Q: 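Next up is a structure, given as structure tokens.
All chains are named by letter (A, B, ...) in the order of the sequence lines, taking the proteins before the strands, and each is independently numbered beginning at 1. Quick caveat, the model's predicted, so the values are computed rather than measured. All values below were derived from every heavy atom in this structure, side-chain atoms included, with hydrogens, water molecules and symmetry-related copies excluded.
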2 protein chains.
Amino acid sequence: MRKQSSTNLENEMLINGNCDMAYTLDLIGGRWKPSILWRLAYGALRYSDLRRSLPAVSERILILQLREMEADGLISRKVYPEVPPRVEYQLTEVGRSLEPVINVLTAWGSENRPGSERKTPRCPLLTII
Amino acid sequence: MRKQSSTNLENEMLINGNCDMAYTLDLIGGRWKPSILWRLAYGALRYSDLRRSLPAVSERILILQLREMEADGLISRKVYPEVPPRVEYQLTEVGRSLEPVINVLTAWGSENRPGSERKTPRCPLLTII
DNA sequence: CGCATAACTTACATTTATGTTAGTACTTGA
DNA sequence: TCAAGTACTAACATAAATGTAAGTTATGCG
């Protein structure tokens, strides 16, 4: 289940419904969403590849994050009626329009994150695949 | 208390310790942090003014968010040894360097948030003070 | 004295996010 | 027949974020 009514929910709706910055943060702020965005930036990936590239995330959580991003219009899910099943995820036009957002967040992190290499800012976990 | 050890914490450290984008999101991603950043962008504010400008946040949560931002180096806390006490919060140099980040997040939200006015993107809750 | 203000803190309670484990349906290949 | 691959779902469990209500310390004011 999800939530129905609470101060917590009311505050979230108040903020996300009025603040552009908070709204954007809400869409990309999940634990694994940056990693997913970085991976899909290079093109479509099927579920099994995405999962293999993220050994630390459990299947349930990965699916949850993908579903949320799909509901928010950032990615699309394409099912191929084959056997074995094939499902490909890719960025939508809206998802691709996040590129400058990702770049600025990454640039700031590169300048300020303790231990950042400061060069070729990226999401190094990517090297896993 | 805080957390000591868990898969959750390990994943958080793994990601924030390696992904510049995730690190940045972690610093500004709290529920009330965008609102606080918007307010302090106009200059220093004392605690009571900050609180009055955010009627929906409880004192405990406001303090928590301020403490985290202070620990992360985004804001500074200046105590004036007066009676009644006076404590002023303001952006640090690092906090001010978030301006382009805020602008890009706001611009994207302005373009994509349902119901966004699309003009003069900002955090309208500001009008409360 | 009693109340008000400032900037909190404490103890407690709830909601939400994240994680674990096992199981599903279908088919191909050994 | 038995394991393996695919893309999940369900039931359960824990961790973290957020919220509520009251209390604290110190002083000035009427």
Q: Just how far, in rounded Å, is C1' of D/dA17 from CG of B/L62?
A: 15 Å

Q: D/dA17 C1' sits how many Å from B/D26 CG, rounded?
A: 12 Å

Q: With sequence neighbours left out, write down each residue that passes side chain to side chain contact (heavy atoms under 4.5 Å, CB included) with B/E99, or none if nothing qualifies.
A: B/N103

Q: With heavy atoms under 4.0 Å as the rule, sort B/Y80 into base, sugar-phosphate or nothing.
A: nothing

Q: Tell me whether the OP1 or OP2 atom of C/dT5 has a side-chain N or O from B/Y47 closer than 4.0 Å.
A: no

Q: What is the separation between atom CE on A/M13 and atom C1' on C/dT16, rounded to the nearest whole Å?
A: 15 Å

Q: In whole angstrom, give the distance that lies between atom CZ of B/R67 and atom C1' of C/dT10.
A: 14 Å

Q: Between the side chains of A/N16 and B/R113, does any donor sit under 3.5 Å from an acceptor?
A: no

Q: Look for any protein N or O under 3.5 Å of an N or O in nucleotides 20-30 of chain D and output each such pair with its distance, or none.
A:
unit_1 : atom_1 : unit_2 : atom_2 : d
D/dT20 : OP1    : A/T7   : OG1    : 2.9
D/dT20 : O4     : B/R60  : NE     : 3.4

Q: Whether A/S6 contacts C/dT16 is assessed here as follows: a side-chain N or O lying under 4.0 Å from the phosphate OP1 or OP2. Is that the case?
A: yes

Q: Quick one: do A/R77 and A/R67 satisfy side chain to side chain contact (heavy atoms under 4.5 Å, CB included)? Show the steps, please.
A: CA-CA 9 Å; A/R77 178 174 176 273; A/R67 293 280 186 275; 3.6 Å; yes

Q: Quick one: B/E10 CD to D/dA16 C1', roughly how many Å, whole number?
A: 15 Å

Q: Kindly say whether A/N112 contributes a backbone atom to a donor-acceptor pair with the side chain of A/S116 at under 3.5 angstrom?
A: no

Q: Does a nitrogen or oxygen in the side chain of B/R46 sit under 4.0 Å from OP1 or OP2 of C/dT5?
A: no

Q: Take the protein atom CG of A/D49 and the nucleotide atom P of D/dC8, then report the distance between them rounded to whole Å.
A: 13 Å

Q: Rounded to whole angstroms, how far apart are CG on A/L45 and P on D/dT6?
A: 14 Å

Q: Can you give the donor-acceptor pairs under 3.5 Å from side chains of residues 54-64 of chain B to other protein atoms, not counting sequence neighbours?
A:
unit_1 : atom_1 : unit_2 : atom_2 : d
B/E59  : OE1    : B/Y47  : OH     : 2.8
B/E59  : OE1    : B/R51  : NE     : 3.4

Q: Would you tell me if any nitrogen or oxygen in the side chain of A/Q65 comes within less than 4.0 Å of OP1 or OP2 on C/dT18?
A: yes

Q: Is there a side-chain contact between A/R31 and the phosphate of C/dG19, meaning an N or O under 4.0 Å from OP1 or OP2?
A: yes

Q: Within a strict 4.5 Å, meaning less than it, do heavy atoms of the A/W108 and B/S97 side chains meet?
A: yes

Q: Could you state the atom-to-atom distance from CG of B/L9 to P of D/dA16 in whole Å?
A: 6 Å

Q: For the pair A/E68 and A/K33, find out whether any cationic side-chain nitrogen is under 4.0 Å from an anionic carboxylate oxygen.
A: yes

Q: Measuring to OP1 and OP2 of C/dT18, would you say a side-chain N or O of B/N11 lies under 4.0 angstrom away?
A: no

Q: Report yes if at least one side-chain N or O of A/N8 is closer than 4.0 Å to OP1 or OP2 of C/dT14; otherwise report no.
A: no

